[in-house]
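This report concerns only the one structure given below.
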Amino acid sequence: MFEIIKDQVQNIKKIVVVTGAGISQESGIPTFRGKDGLWRNHDAMKLATIDAFYDNPELVWTWYNERRANIFAAKPNPGHKAIAELEKYAQVSVLTQNIDGLHQKAGSTEVLELHGSIIKIKCSVCDYKEEITSEFSEIPPICKCGNILRPDVVWFGESLPQDVWQKAMILANQCDLMIIVGTSLVVSPANTLPIYAKQSHTTLIEINPEITEMSSEMDLVVRDTGANSLPELVS
Ligand SMILES: CC(C)NC(=O)[C@H](Cc1c[nH]c2ccccc12)NC(=O)[C@H](CCCC/N=C(/NCCC(=O)O)S[C@H]1O[C@H](COP(=O)(O)OP(=O)(O)OC[C@H]2O[C@@H](n3cnc4c(N)ncnc43)[C@H](O)[C@@H]2O)[C@@H](O)[C@H]1O)NC(=O)OCc1ccccc1
Ligand SMILES: [Zn+2]
């Protein structure tokens, strides 16, 4: 399946793996597409906004608490593990849109969380931040400054953490191989990363059971799941 790599493996030093919800689907975490994208009939893309949060912070907090409980119970799948194992062969940087922390749990040592992390919270006003270790008694939890706390994730209409995004663009532009797994490439600016790689003639591989916004730009398309196909990369 991955002949295109096996032929040039000796000069692949830097690998970037761009991931989305699909890589965690086989760990029991729903994606954002189709029926998965609905929570209590609320469109996930509408709930993940600052407006939804200020309209109904209890509802948004309940959504994130349910997702967090599901994520805490989830285990990395063979797809996450294979990406971590790739570090035996090259420098691997994971640029993920996922907030579930499963790449780190699988052993990946360089993971850039483009859209934040569900295990972190921050104040909606002051610069207070912390990692969540236990469930909250009150919803929404209140910061010591009196304002409400929110999940430390990037909502639609909010810009990505600039230090993380700058580093992601550079890694995408300097890698020898980019593997794009489990993302529909609908959401920007994450969906521009393959373009940065293409500019420096990097080999692009897409792993996804379905076609995506950029399938036609790929050097190799693997129409299979992450857990089924990625282990072959390291076998
Ligand atoms: C919907 C989209 C059009 N909107 C955007 O891109 C907007 C910009 C925008 C607004 N209006 C527009 C109109 C046109 C174009 C763009 C825009 N982007 C933003 O707002 C970004 C912020 C985006 C980040 C939002 N936060 C997320 N998540 C964190 C929170 C949370 O998770 O709760 S996005 C969230 O949704 C996205 C979902 O996409 P995927 O991960 O790809 O998942 P999806 O379900 O779509 O697809 C799954 C894929 O996996 C495949 N699959 C399924 N199973 C498997 C399997 N087993 N194995 C392999 N593959 C599999 C499926 O086939 C499928 O292809 C992810 O990025 C995820 O992180 N910020 C910004 O631009 O800031 C600057 C700015 C600032 C102010 C004003 C203007 C601009
Ligand atoms: Zn505060």
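Indexing begins at 1, ligand by ligand and atom by atom, following the structure's order. Keep in mind that what you see is a predicted model, and the values were worked out from it rather than measured.
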Within 45 degrees of the axis of the six-membered ring of Trp155 and under 6.0 Å from its centre: does Arg150 put its NZ or CZ there?
yes

Pull out every atom of ligand 1 sitting under 4.0 Å from any heavy atom of Thr183, numbered as shown with elements.
40 (P), 42 (O), 49 (C), 50 (O), 65 (O)

Under 4.0 Å from a heavy atom of Gly226: give me the atoms of ligand 1 that qualify, with their elements.
58 (N), 59 (C)

Counting heavy atoms only, which of Gly182, Ser188, Gly79 comes nearest to atom 9 (C) of ligand 1?
Ser188

Which ligand 1 atoms does Ser159 reach within 4.0 Å, using its non-hydrogen atoms?
73 (O)

Polar contact flag for Gln97 and ligand 1 (N/O pairs, less than 3.5 Å):
yes

Are any of the N/O atoms in Phe32 less than 3.5 Å from those in ligand 1?
yes

Are Asp152 and Lys122 ion-paired here, with the side-chain N under 4.0 Å from a carboxylate O?
yes

Strictly distance-based, threshold 3.5 Å: is any side-chain N or O of Ser215 a donor or acceptor partner for the main-chain N or O of Thr212?
yes

What atoms of ligand 1 come within less than 4.0 Å of a heavy atom belonging to Ala21?
40 (P), 41 (O), 43 (O)

Using modelled atom types only, decide if a donor and an acceptor are shared between the side chain of Ser108 and the backbone of Glu110 within a distance under 3.5 Å.
no

Nearest protein heavy atom to atom 26 (N) of ligand 1, by residue and atom, and its distance?
Val154 O, 2.7 Å

Need the ligand 1 atom indices (1-based, order shown) with element for anything under 4.0 Å from a heavy-atom of Glu26.
56 (C), 57 (N), 58 (N)

Please report whether ligand 1 has a polar contact with Ile207, defined as an N or O pair separated by less than 3.5 Å (distance criterion only).
no

Minimum-distance protein heavy atom relative to atom 75 (C) of ligand 1
Gly157 O, 4.3 Å

Atom 3 (C) of ligand 1: which protein heavy atom is closest, and how many Å away?
Val186 O, 4.1 Å

ring-ring contact (aromatic ring centres under 6.0 Å, His included) contacts touching residues 175-231 (sequence neighbours left out):
none

Side-chain contact, heavy-atom cut-off 4.5 Å: Lys198 with Leu204?
yes

Look at atom 64 (C) of ligand 1 and say which protein heavy atom is nearest, naming residue and atom and giving the distance to 0.1 Å.
Asn208 ND2, 3.7 Å

Any salt bridge between Glu206 and Arg223, counting N to O under 4.0 Å?
yes

Judged by heavy atoms only, the candidate from His115, Glu210, Glu158 nearest atom 68 (C) of ligand 1 is His115

Under 4.0 Å from one or more heavy atoms of Gly20, ligand 1 contributes atoms 41 (O)

Please tell me whether Tyr54 and Ile121 are part of a single hydrophobic cluster in this structure, the criterion being side-chain heavy atoms less than 4.5 Å apart.
yes

Ranked by distance from atom 39 (O) of ligand 1, the top protein heavy atom is Ser184 OG, 4.0 Å

Which residue supplies the protein heavy atom nearest to atom 47 (O) of ligand 1, what is that atom called, and how far is it?
Arg33 CG, 3.4 Å

Tell me, which protein residue and heavy-atom name are nearest atom 37 (C) of ligand 1, and how many Å apart are they?
Val187 CG2, 3.7 Å

Looking only at protein heavy atoms, which one is nearest to atom 52 (N) of ligand 1, and what is the separation?
Gly22 CA, 3.6 Å

N or O contact, Arg67 vs ligand 1, cut-off under 3.5 Å
yes

Quick one: which ligand 1 atoms are inside 4.0 Å of a heavy atom on Tyr64?
30 (C), 31 (C), 33 (O)

Can you check whether Pro189 reaches Trp165 side chain to side chain, under 4.5 Å on heavy atoms?
yes

Under 2.8 Å from the Zn ion (ligand 2), how many protein N/O/S atoms do you get? Just the number, please.
4

